[in-house]
Q: 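Below are the structure tokens for one structure; questions will follow.
So you know, we letter chains A, B, ... as the sequences are listed, proteins then strands, and number each from 1. Any value given below was found using the heavy atoms of this structure, including those in side chains, with hydrogens, waters and symmetry copies removed.
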2 protein chains.
Amino acid sequence: MIITIGREFGSGGREFGRRLAEELGIAYYDREILAEIAKKTAYSQEYIEEVSQGRPVALFPIHYGGSFLSVADPNITQAADIFQEQSNVLKELADKSDCLIIGRAADYVLRDRHPFRIFIYSSLEAKVRRCKEREDEREKGLSDKALIKRIKQVDKKRRQYYEFYTGNVWGDRNHYDLLINTSNGDLKALAKAVAALLKPKK
Amino acid sequence: MIITIGREFGSGGREFGRRLAEELGIAYYDREILAEIAKKTAYSQEYIEEVSQGRPVALFPIHYGGSFLSVADPNITQAADIFQEQSNVLKELADKSDCLIIGRAADYVLRDRHPFRIFIYSSLEAKVRRCKEREDEREKGLSDKALIKRIKQVDKKRRQYYEFYTGNVWGDRNHYDLLINTSNGDLKALAKAVAALLKPKK
């Protein structure tokens, strides 16, 4: 059993995922994956995190003299290397045991293994509320306006990252098995319900 | 508790809805609503069904001499009357008891009552498969190609109907609480899981 979770920033996707993995008794991966990659590659974890959260700096080879000249932009090359390496790690982990993976375009990377693909989202108001409640270092003391800006920025980066590597539309229902709006939902109850659905029948 | 279900044609939305209503022990409405409307209005049920499945014939008043002339097109007037009457019936039913309503833009019509809004969909292949299995009179003996055409036609009508009356995008996740892809899902298990989620805590 492989479960992948895409999620909007502040929608509680990570907490939902952790609870669901616990309910099912399967491995849970988010930042651990990055740590694993960091061990395998020469890049530092901090740098990997930065790159894997955002789209590579330039999207296309430089357009030159009416034809596309494939210039090996070091930024692209490095980002693509990281994505490739990360994809290999994801596949290794998925082959090792049942698991749940947060983000990292895992639904796409592992598509041959037919994961159960969940997307977690909520209204902007609910995301602001959740960000305030959890008091992460990076959002501490931000005004509502600044928080909304940050939420939109992070979601934009996630969308760009996902769409750049997969060619699919982030959050488009046709690429997921289940989309859950957590605006008014209790994450614990939601995780229990989904676990009941996915638990292998005895 | 009010549950509304939007669904793509052939995705099993009606069966899912019936099972969910049974699990929860609440009223279930689909064609019954139409019967109720028919009793209340002078229109025959057959005609109402036809109109409520499709967009009114003309969408806008006739454009005339550079300005919009509000011509009372009898087709529009009648369709709008039916939608209004149907909306009143939906509200009456929702106030009478807990219920689940299939289609009819009920999520929008009852928005002030905060229904739990579900959207059921699947891949085209799964919809073709399901249509063949259920052997409805209207799809009997159709070739795959004809069936695909019919599925697309019905979904187009539903989309137009929904978007004409609500101004929202049909199946856009932001207007639903839960979107379920039934391509590989067991409707019975899905209904049980959602029922467990929605059942009032004792």
Q: For the atom pair CG (Leu179(B)) and OH (Tyr176(A)), what is the distance rounded to the nearest 0.5 Å?
A: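 Reported to 0.5 Å precision, the distance equals 12.0 Å.
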Q: Is the closest side-chain heavy-atom distance between Asn181(A) and Asn174(B) below 4.5 Å?
A: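 They are not in side-chain contact.
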Q: Can you give me the closest heavy-atom contact between Ala193(A) and Leu197(B), atom names plus distance?
A: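 Closest approach of Ala193(A) to Leu197(B), heavy atoms only: CB-CB, 3.8 Å.
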Q: When rounded to the nearest 0.5 angstrom, what distance separates OG1 in Thr182(B) from CG in Leu178(A)?
A: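 Reported value, rounded in 0.5 Å steps: 11.5 Å.
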Q: Could you check if a side-chain atom of Asn184(B) sits within less than 4.5 angstrom of a side-chain atom of His114(A), using non-hydrogen atoms only?
A: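 The answer is no; the side chains never approach within 4.5 Å.
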Q: A quick test of your reading: do over 12 heavy atoms of other residues, nucleotides or ligands sit less than 6.0 Å from CZ of Arg14(B)?
A: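 No, the 6.0 Å shell around CZ holds no more than 12 heavy atoms from other groups.
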Q: Would you find a donor on one side and an acceptor on the other, under 3.5 Å apart, between the side chain of Arg173(B) and the backbone of Gly171(A)?
A: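 Looks like yes, one N/O pair under 3.5 Å.
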Q: How long is the span from the CG atom in Asp172(A) to the CG atom in Asp172(B), to the nearest 0.5 Å?
A: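 Here the rounded value is 10.5 Å.
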